[in-house]
Amino acid sequence: MNSKILHLTPSSRLLPNFWQSIVQSHLENAEELKAWLEINLDEQLHFTEHLLLITNRRLVYFCPDKTHADIPNVSVYEYAYQPDLKLLQHDHAGVYRLELFEHNLRIASWCYTLTSDTSSARFIKQFEQQCTSFITGKPVPAEATEPCPKCRYPLTAEQDECPQCSSEIDTPPSTWTLFRLWRFAKPYQWQLLAGFLLMLASTAATLVPPYLTIPLMDKVLIPYQNGVPIDTDLVALLLGGLLGSALLAWSLGWSKTYILALVSERIGADLRTITYDHLLKLSLEYFGGKRTGDLMARIGSESDRICVFLSLHLLDFATDVLMIIMTAAILVSINPELALVTLLPLPFIAWMIHIVRDKLRTGFEKIDRVWSEVSNVLADTIPGIRVVKAFAQEARESSRFREANQHNLAVNDRINKIWSLFSPSVTLLTEIGLLLVWAFGIWQISKDEISVGILTAFLAYISRFYTRLDSMSRIVSVTQKAASGAKRIFDILDHVSSVPEPSNPVHLDKVSGKIEIRSAGFRYGNRTVIKDLNLTIEPGEMIGLVGHSGSGKSTLVNLMCRFYDVSTGSISLDGVNIRSLPISEYRRNIGLVLQEPFLFFGSIAENIAYGKPDATRAEIIAAARAAHAHEFILRLPHGYDSLVGERGHGLSGGERQRISIARALLIDPRILILDEATASVDTETEKEIQKALDNLVHGRTTIAIAHRLSTLHKANRLVVMDQGQIVEIGNHDELMASEGAYYRLYQAQARNVDTDLDDVISNETIANKEASA
Amino acid sequence: MATINPNKDFTLARNPTGQLQFTDSDGIVFDNVYLVRAFPISAPDEGLSIISKEGHELAWISNLVDMPIQLKELIEAELAQREFMPEILRINQVSSFATPSMWDVWTNKGSTQLILKAEDQIWRLKNNRILITDKNGVNFMINNIEQLDKHSRKLLDRFL
């Protein structure tokens with residue numbers, strides 16, 4: 001009996017088919033596969049497909065020889081577990097490297113890029129566990145919950161799909177973007193139907209007059225030329241019919257345009273609000289990667305363009321199509337042969353439209369992108385105008401703008417070349433078509449197959465018909481413009497928040513504020529910012545996060561706020577993973593005070609009550625008092641009703657900070673996060689703020705980041721971070737006694753009391769501030 | 001940092017574990033040092049820094065060309081091991097013109113797939129060069145758009 005176990009352990013569940021049989025044939029009896037990692041780079045960093053396995057006995061490396069494609073000739077290297085075997089991992093610029101050491105001698109190394117979001121940190125842990133258990137003979141300690149085989153994210157019994165792995169959706173949106181607008185049109189389907197019926201009727205009404213030219217010609221004018229007196233009754237009837245159909249077409253056309261324009265405006269408005277709502281739900285990661293100008297253009301002008309398209313161009317187009325179909329039917333019913341000749345140029349025109357369509361579409365997409373480039377220059381420069389002026393770089397910014405504009409021009413020029421050729425060509429084809437009808441009609445008349453009246457009617461129809469074709473050709477460009485606009489909007493709508501709402505939310509009644517971080521890891525782009533971090537924060541405890549800039553403090557705080565989700569591991573509040581809590585419910589428990597307080601346009605009272613709009617005036621004042629903001633607010637001309645601008649003009653940095661502290665106090669959070677709350681103010685103001693903060697901290701779980709270590713004197717524990725990992729934990733005295741990283745930081749600061757820890761950071765902060773001021 | 005005479009001011013060698021070992025002018029040995037280009041894209045050979053594993057600069061090489069041949073080879077071998085920026089030679093196929101889009105590409109490092117998260121992950125550099133950062137943070141380079149074949153250029157054009 002073969003006792004190799006390939007399927008029982010969770011780790012092997014997802015082993016690709018290609019490897020299944022190869023691995024199977026190389027495992028020994030009673031050997032269990034524990035974990036695997038795809039190695040997709042060879043030593044020269046060329047892309048390949050190799051595999052690294054961890055079993056309960058050894059580390060196995062499979063390296064197939066690709067020269068014989070049919071029978072993969074696999075080279076296998078194995079490393080049996082022994083003491084002194086160590087696996088280390090580091091990464092640089094997206095390439096991960098695993099190195100195997102034996103007695104401090106590197107015996108093997110493997111490189112790979114993150115293709116399948118495999119967590120190698122966990123892989124190493126597995127290796128260490130298996131290795132230790134093999135040597136000592138003790139079984140590997142069982143994990144509390146069964147983790148996801150890929151990323152080791154702990155799964156509960158009822159979850160069979162890992163929310164972490166499956167949340168990353170890489171499927172692109174479909175190209176039939178405009179049809180997706182139906183989702184927004186659906187609520188108005190009855191109005192749309194009414195509009196469509198009206199359109200049908202009004203188009204039919206416009207087709208009556210040419211038809212009336214047949215009797216007018218054949219029964220009135222031609223007999224008159226032949227000496228028959230004019231039948232005034234018939235003429236009156238026919239002219240009345242012409243007037244009547246014109247009036248009917250007018251009223252029907254008016255009502256259909258009105259109804260459909262009404263509906264399309266509403267669709268446009270819905271599109272805008274839904275997109276904006278969706279945008280607000282996206283994680284910070286999305287906003288970090290996008291530029292403000294671009295997002296504003298998408299929600300503002302793109303949705304407007306779609307709206308115009310729906311209310312104007314699409315409507316016209318539908319009318320035209322209807323008209324063509326109806327005209328064709330009428331023509332065929334009058335005289336099939338002549339109708340055939342008349343309709344002959346149609347396929348040519350359709351073909352031309354098709355040819356140009358592709359070129360124009362890409363072109364218009366390009367124009368859009370160039371356009372957002374132009375607005376991005378504006379969005380960059382206007383907020384940073386102080387820096388621009390201070391460094392006297394107006395000319396450079398102006399040339400940057402001119403360059404973007406030039407690019408815009410160049411792209412437009414290229415498109416216009418095709419575009420300008422388009423309409424005249426359609427006109428030319430129209431003329432040729434008319435010529436054909438004339439020629440064929442005269443020939444038919446000479447054969448007595450049709451009357452003069454029929455030819456006139458045909459010519460009347462066809463001239464309408466072809467002018468419509470000309471305007472229909474315009475639909476190509478507007479449709480493409482609208483489609484590219486719709487695409488850009490759906491790009492936002494299709495973007496799945498990387499911080500998803502839980503499908504089965506758990507509700508916490510009373511939050512005590514215990515935070516557990518278990519082997520958390522986080523990557524930002526190709527940089528690993530947090531590595532395998534473990535930390536437990538007790539309810540009511542104050543933690544001071546200390547470390548150089550770039551050590552991952554702010555990232556850790558962002559992870560705790562769930563602005564981002566951890567790449568690996570988990571963060572839980574009161575024992576519940578924060579991923580399974582509804583986001584807004586979770587964040588309600590967090591008060592955040594940032595280094596750069598942001599005040600919205602509105603009164604001070606509104607700003608304080610931002611997190612709790614229904615707060616009473618008494619509550620607002622109590623919060624302001626506790627934040628030591630009450631007195632300076634009263635000194636303002638309109639007290640709590642004073643208006644503050646976007647960046648709180650007229651208030652000093654310390655005053656704005658105290659307003660933001662009051663804002664955090666008002667929601668009475670269980671968890672408080674202070675991200676450099678006092679870094680941007682002078683020492684005097686800092687003392688004021690510190691007093692306010694002491695009120696705030698009382699009885700809450702607090703995580704404070706500070707550069708000036710002196711501001712952390714109340715912290716129960718100090719956590720010293722370096723390169724995404726915790727290097728020391730302890731209170732001030734303990735850490736000073738151990739003379740480690742904290743000791744060095746403290747010494748550095750004691751030497752240079754006035755300057756910040758990292759000159760680099762403070763310089764950066766100043767630059768940033770200048771940019772935003 | 002002042003100009004450096006490598007033979008006198010420092011030595012660089014491989015230790016038995018395969019790591020780079022740096023010895024400064026005072027004979028202090030640093031293990032597991034690494035090399036960083038200051039301008040990896042705009043001027044790869046100008047400005048190289050030797051960084052200790054704690055992240056402090058140990059030496060500055062202002063131009064690789066001036067280095068003795070042996071040291072230069074060692075540095076280049078080490079950088080080749082560290083640097084990973086496949087150059088795209090051909091774009092075979094893209095899954096869609098809307099992002100995220102999966103690209104099938106041939107690079108000088110073999111054929112692979114990359115996932116473009118958004119159009120702004122494509123950077124236009126000077127001289128028709130293009131830098132593409134994929135979802136996992138791997139950088140792909142296109143050295144000259146003009147030199148790509150027509151098919152690839154057409155596909156790429158849709159994203160620019």
Side-chain angles (χ1 to χ4, degrees), chain A residues 40-48 66 90-97 99 101 103-107 109 111 113-117 168-175 177 286 289-291 294 361-362 365-366 369-370 372 376 487-488 490-491 494-495 523-528 548 550 722-723, chain B residues 14-19 31-32 34-37 40 51 53-55 77 79-86 94-103 105-122 124 133-140 154-160:
Chain A
N40 64 349
L41 293 172
D42 66 12
E43 274 157 51
Q44 281 77 46
L45 298 182
H46 281 263
F47 289 104
T48 48
K66 279 279 165 156
H90 49 94
D91 70 284
H92 173 72
V95 177
Y96 285 68
R97 188 184 288 271
E99 288 178 313
F101 289 93
H103 298 292
N104 294 326
L105 214 71
R106 191 170 74 172
I107 51 175
S109 82
C111 299
T113 64
L114 281 188
T115 46
S116 47
D117 288 284
E168 294 202 37
I169 292 168
D170 295 324
T171 42
S174 122
T175 33
T177 340
Y286 185 81
K290 289 274 184 272
R291 300 171 83 176
D294 183 51
R361 181 179 53 198
T362 53
E365 265 188 43
K366 246 191 191 157
R369 253 176 251 145
V370 170
S372 62
N376 272 336
K487 191 206 112 179
R488 285 154 60 77
F490 279 111
D491 273 354
D494 288 336
H495 196 96
R523 252 181 317 121
Y524 195 88
N526 57 14
R527 269 175 59 215
T528 304
H548 288 279
D722 192 32
Q723 300 188 2
Chain B
R14 263 188 211 287
N15 68 11
T17 62
Q19 296 166 338
D31 271 320
N32 201 6
Y34 54 97
L35 293 158
V36 178
R37 293 193 204 268
I51 307 276
K53 67 172 180 239
E54 289 83 20
L79 285 172
Q81 277 281 302
R82 246 179 95 73
E83 286 184 333
F84 187 64
M85 201 194 284
V94 299
S95 66
S96 92
F97 293 116
T99 50
S101 167
M102 174 111 79
W103 293 21
V105 292
W106 281 351
T107 69
N108 60 347
K109 301 279 188 188
S111 66
T112 186
Q113 288 186 328
L114 67 98
I115 293 167
L116 183 75
K117 247 168 99 178
E119 278 131 7
D120 42 22
Q121 300 289 327
I122 304 180
R124 256 170 188 282
T133 309
D134 94 331
K135 185 176 144 260
N136 297 312
V138 178
N139 291 315
F140 290 82
K154 217 167 124 192
L155 290 178
L156 182 66
D157 205 41
R158 296 290 296 267
F159 293 91
L160 294 179

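In what follows, every chain begins at residue 1, and chains take the letters A, B, ... in the order their sequences are listed.
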Which atoms of A/Gln723 are under 4.5 Å from chain B, going by heavy atoms: the side chain, the backbone, both sets, or neither? side chain

A/Ile107, part contacting chain B, at a heavy-atom distance under 4.5 Å: neither

Measuring from atom NE2 of A/His46 to atom CZ of B/Phe84, what distance do you get when rounded to the nearest 0.5 angstrom? 9.0 Å

Is B/Asn15 in contact with chain A via its backbone, its side chain, both, or neither, using a 4.5 Å heavy-atom distance? neither

Which atoms form the tightest heavy-atom contact between A/Phe47 and B/Gly110, and what is the distance? CD1-O, 3.7 Å

Segment of B/Thr107 engaging chain A (4.5 angstrom heavy-atom cut-off): side chain

Nearest-0.5 Å distance that lies between atom NZ in B/Lys109 and atom CG in A/Asp42: 8.5 Å

